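All chains are named by letter (A, B, ...) in the order of the sequence lines, taking the proteins before the strands, and each is independently numbered beginning at 1. Predicted, not measured: the structure shown is a model, and the values here were computed from it.
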Protein chains: 2
Amino acid sequence: MPLVSNVLRPFAALDDTDRAILAELSANGRLANNALAERVRVAPSTCLARTRALRESGAIRGFYADVDPAALGLPLQALVSVRLTEHARAAVDAFRARSVRLPGVVSVFHVAGAEDYVLHVRAASAEALRDFVLDHLAVDPAVQHTQTSLIFEQARGLG
Amino acid sequence: MPLVSNVLRPFAALDDTDRAILAELSANGRLANNALAERVRVAPSTCLARTRALRESGAIRGFYADVDPAALGLPLQALVSVRLTEHARAAVDAFRARSVRLPGVVSVFHVAGAEDYVLHVRAASAEALRDFVLDHLAVDPAVQHTQTSLIFEQARGLG
DNA sequence: GGTGAAACAGAGACGCG
DNA sequence: CGCGTCTCTGTTTCACC
């Protein structure tokens, strides 16, 4: 196992065009290749090749629609902090693998500090949120402690 | 000002087709209308009208590329909990408006509980992260206290 | 690596059941 | 409302610089 984390391995150096493409697409994932090419000042075919390379290198991980959770009948959101009982790699990895598959889980953050994980979850109601925590987390022997903070509002930053 | 938050206003009831469209697009925001129509079992023109209606009703808030922050030279991510000095609406709203515009801020969560805000931020280095907190948060008179948790890993959930 | 033109596919408008 | 057809725009390939 390498001592240096993969996360620190630099990407093939991105030039200004690549960075401009990433900026445009993170603000508007459905921008047409034509329009994107015009904004970043290259020909459409060049732009297409760049964008494809960015996708294949992993710089672009995917494209997603931002769906209002309220529309899906999940008006509540919460951040649930989770502390595990043990911190061996196997236990930690297993918890992450399990938690991303739980219903309503938007994002799973493995964090340093007093807590081990922070789960961003959506729920239909306060009862559903309670049930989520009780049925999926509290019963998990790997979970020592959870703390749930209801999200009043979420705003998207600029990056 | 209404006593009942806008967030609680129900959307025009969505049927199974609408929900299927939302599910497909949140998993793959660039799915072509043709392919989307086939998956949700309606004609392309119908699918297009549905999707447009979902965008206009606000059920779909936008489309975004998920860019690996490491590719942008921002390999570090953190969750920064922020407690404010006062909790009057004006102060709280102002903080949110300010924080979403700060460089590196991905998302701002206004939460219930001991903390008032949780900021999901990206940074180029540990020093940059420290500078972000010191220069933008610690000096803010509205901010009473912050706590920074480095993110080791983030995984995207299904729901 | 970047470009332009040419073949191809998808988006979007409209009139009909 | 949902559907099929039509046009038009954007995508993608490829030979060339």
Grab the [atom1]-[atom2] distance between [X] and [N] for me, whole Å please.
{"X": "B/Glu38", "N": "D/dG2", "atom1": "CD", "atom2": "P", "value": "18 Å"}
{"X": "B/Arg39", "N": "C/dG10", "atom1": "CZ", "atom2": "P", "value": "14 Å"}
{"X": "A/Leu36", "N": "D/dT12", "atom1": "CG", "atom2": "P", "value": "12 Å"}
{"X": "A/Arg50", "N": "D/dT13", "atom1": "CZ", "atom2": "P", "value": "18 Å"}
{"X": "B/Asn33", "N": "D/dT11", "atom1": "CG", "atom2": "C1'", "value": "15 Å"}
{"X": "B/Arg30", "N": "D/dG10", "atom1": "CZ", "atom2": "P", "value": "14 Å"}

Candidate nucleotides [options], ranked by approach to the side chain of [X] - the nearest:
{"X": "A/Ala43", "options": "C/dG4, C/dG12, D/dG4", "result": "C/dG4"}
{"X": "B/Asn34", "options": "D/dG10, C/dT3, C/dA11", "result": "C/dA11"}
{"X": "A/Leu48", "options": "D/dC3, D/dT11, D/dT12", "result": "D/dT12"}
{"X": "B/Thr46", "options": "D/dC3, C/dG2, C/dG12", "result": "D/dC3"}

Tell me whether the guanidinium CZ or amine NZ of A/Arg96 lies under 6.0 angstrom from the six-membered ring centre of A/Phe109 and within 45° of its axis. no

Closest-nucleotide ordering on DNA chain C, the 5'-leading residue of A/Pro44 and B/Arg52: A/Pro44

Hey, is the side chain of A/Ser45 pairing donor to acceptor with the base of C/dG4 inside 3.5 Å? yes

Scan A/Asn34, A/Leu31, A/Asn28 and name whichever one has a side chain to side chain contact (heavy atoms under 4.5 Å, CB included) with A/Arg39. A/Leu31

So that I know where these two stand, are A/Phe63 and B/Phe63 an aromatic pair - ring centroids less than 6.0 Å apart? no

Students often get this wrong, so: under 4.0 angstrom with heavy atoms, is A/Arg41 touching a base, only sugar-phosphate, or nothing? nothing

Are side-chain N/O atoms of A/Asp116 and A/His110 paired as donor and acceptor at under 3.5 Å? no

Map B/Val42 and A/Leu31 onto DNA chain D by nearest heavy atom, then report which one ends up closer to the 5' terminus. B/Val42

Would one find more than 12 heavy atoms of other residues, nucleotides or ligands at under 6.0 Å from atom CD of A/Gln144? yes

